[in-house]
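See structure below.
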Amino acid sequence: MNASAPTSAETLRRTLGGLLDGLPPKQATAAVERLIASYRGQTPTDAPVLRDRSDVAAYAAYRMPATFEAVRGALDGLAEAAPDWAPGSHVDVGGGTGAATWAVDATWDGPRQTTVLDWAEPALALGRELAAASTSEVLRAAAWRRAVIGSGLTLPEADLVTVSYVLGELTAPARAAVVAEAARAGQAVVLIEPGTPEGYLRIREARDQLIEAGLRIAAPCPHDGTCPIEVGKDWCHFSARVSRSSLHRQVKGGSLPYEDEKFSYVAATRFPTEPAASRITRRPQIRKGLVLLELCGPEGSGLTRVNVTKRHGDLYKAARDADWGQAWPPAPQP
């Protein structure tokens with residue numbers, strides 16, 4: 001694990017803070033609102049949504065911190081399941097300005113060959129600029145390449161392939177093609193989508209495809225079996241806390257210094273891992289002398305609720321400190 005993760009996050013926030021210098025606040029807000037509407041609609045796969053530097057700068061300042069935290073949350077799941085593994089090469093598909101690349105750099109130490117692929121040249125240009133301002137040799141040496149993300153995509157083989165907040169922009173055939181190519185090229189594949197019912201369904205579909213391609217699930221699921229969630233009644237998603245910028249407050253209103261980014265993800269590998277025995281699937285409910293945990297457990301056990309009380313001793317203390325998305329029970333402390 002990378003001990004410099006908080007520094008990486010702060011460096012990213014500070015660098016993003018300078019993006020909007022010289023761009024009138026009303027123009028930045030208007031650009032973000034238009035882009036949000038585009039992303040929530042039907043985005044054509046033959047043209048990028050981000051058209052120019054002002055689009056890219058505004059949207060990066062608004063969305064990049066949330067994407068970074070969500071991807072880092074998903075990568076933490078993989079890192080916990082493979083504590084002795086670190087990627088020596090990384091390909092980020094549809095990486096835009098590089099949020100996932102920053103998240104990988106915040107998760108693992110060591111040398112790494114990084115390639116970011118996107119079809120929006122303005123996004124790639126800004127990604128290069130942000131990486132050049134970082135203190136990371138890996139980020140500064142990353143390759144930024146234009147590529148059409150969809151059917152016909154060819155990826156270089158890599159230890160890790162990430163695809164974050166991209167699948168929802170693609171048609172169903174293009175989505176299947178991208179997942180298939182990621183599964184072929186990557187020793188580990190991490191897919192992240194918005195934590196909505198629709199985002200979860202895309203992850204669930206991709207999860208099945210990865211398993212069919214011969215990969216094993218490392219996180220968040222404790223098993224490779226059928227997801228026990230009944231479609232239409234619930235969905236698997238997690239939450240990452242994000243510091244809100246002034247642009248966030250301009251666009252969304254409100255005064256809180258943070259917001260919670262909901263995301264769904266799956267991490268799968270071609271090498272052995274140690275998935276969680278169970279995963280906490282909702283924020284723990286803390287009562288007097290009691291913690292209620294909702295868990296996804298081993299194959300066949302489905303979704304369960306567990307009451308952890310004071311009589312459980314150290315386990316009760318751990319439950320009070322537990323968070324949504326963490327493995328359960330906690331690993332023994334050395």
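Numbers for residues simply follow the sequence, beginning at 1.
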May I ask you to test the [X]-[Y] pair for a side-chain heavy-atom distance under 4.5 Å?
X: L124; Y: R146; result: yes
X: I149; Y: V93; result: yes
X: L78; Y: L160; result: yes
X: C296; Y: S278; result: no
X: V179; Y: L167; result: yes
X: R305; Y: L293; result: no
X: M64; Y: L12; result: yes
X: P275; Y: I217; result: no

Taking all non-hydrogen atoms of both residues into account, name the closest pair between [X] and [Y] and its distance.
X: A60; Y: L126; value: CB-CD2, 4.2 Å
X: A174; Y: G150; value: CB-CA, 4.0 Å
X: V231; Y: L201; value: CG1-CD2, 3.8 Å
X: V161; Y: G186; value: CG2-CA, 3.7 Å
X: F263; Y: A70; value: CE1-O, 3.6 Å
X: L153; Y: A147; value: CD1-CB, 4.5 Å

[atom1]-[atom2] distance between [X] and [Y], expressed to the nearest 0.5 angstrom:
X: E129; Y: S134; atom1: CD; atom2: OG; value: 12.0 Å
X: L292; Y: N307; atom1: CG; atom2: CG; value: 5.5 Å
X: C227; Y: E299; atom1: SG; atom2: CD; value: 11.5 Å
X: Q209; Y: I203; atom1: CD; atom2: CD1; value: 11.5 Å
X: D76; Y: Y265; atom1: CG; atom2: OH; value: 8.5 Å
X: L210; Y: L215; atom1: CG; atom2: CG; value: 5.5 Å

Taking atom [atom1] of [X] as the centre, report whether more than 12 heavy atoms of other residues, nucleotides or ligands fall under 6.0 Å from it.
X: E274; atom1: CD; result: no
X: R270; atom1: CZ; result: yes
X: Q113; atom1: CD; result: no

### Query
Between the side chains of Q285 and R287, does any donor sit under 3.5 Å from an acceptor?
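Note: Q285 and R287 side chains meet the donor-acceptor criterion.
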### Task
Classify the side-chain pair H90/T162 by whether it contains a donor and acceptor separated by less than 3.5 Å.
yes
Under 3.5 Å, side chain of [X] to main-chain N/O of [Y], donor-acceptor pair present?
X: D92; Y: V116; result: no
X: S89; Y: D159; result: yes
X: W102; Y: L130; result: no
X: S264; Y: C236; result: yes
X: Q326; Y: D323; result: yes
X: W144; Y: L117; result: no
X: E181; Y: L155; result: yes
X: W108; Y: W85; result: yes
X: H223; Y: C221; result: no

### Task
Compute both the distance and the angle, then confirm whether R283 meets the cation-pi test with F238: under 6.0 Å from the six-membered ring centre, within 45 degrees of the axis.
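No, R283 does not sit over the ring of F238.
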Report yes or no: do [X] and [Y] belong to one cluster of Ile/Leu/Val/Met/Phe/Trp/Tyr joined by side chain heavy-atom distances under 4.5 Å?
X: Y200; Y: I192; result: no
X: F271; Y: V104; result: yes
X: I286; Y: L315; result: yes
X: L170; Y: L191; result: yes
X: W235; Y: L303; result: yes

Any salt bridge between [X] and [Y], counting N to O under 4.0 Å?
X: K262; Y: E193; value: no
X: E169; Y: R175; value: no
X: D105; Y: R112; value: yes
X: R282; Y: D234; value: yes
X: R72; Y: E261; value: no

### Task
Might you work through the side-chain contact (heavy atoms from CB on, under 4.5 Å) test for L295 and I280, ending with a clear yes or no?
CA-CA 5 Å; L295 303 174; I280 301 172; 3.7 Å; yes
### Task
Kindly determine whether V242 and F68 satisfy side-chain contact (heavy atoms from CB on, under 4.5 Å), including the steps that lead there.
CA-CA 9 Å; V242 185; F68 169 86; over 6 Å; no
### Message
salt bridge (Lys or Arg N to Asp or Glu O under 4.0 Å) for R128 and E121? Distances and angles first, verdict last.
### Response
CA-CA 11 Å; R128 290 188 197 98; E121 183 56 42; 3.3 Å; yes
### Message
Please determine whether side-chain contact (heavy atoms from CB on, under 4.5 Å) holds for the pair L139 and T114, giving the CA-CA distance in whole Å, both sets of side-chain angles, and the decisive distance to 0.1 Å.
### Response
CA-CA 8 Å; L139 290 176; T114 298; 5.9 Å; no
#### Entry: Derivation of the side-chain contact (heavy atoms from CB on, under 4.5 Å) call for K317 and D314
CA-CA 5 Å; K317 295 178 183 178; D314 289 342; 4.1 Å; yes
### Query
Yes or no on salt bridge (Lys or Arg N to Asp or Glu O under 4.0 Å) for E205 and R202, after CA distance, side-chain angles and deciding distance?
CA-CA 5 Å; E205 179 183 65; R202 290 191 290 271; over 6 Å; no
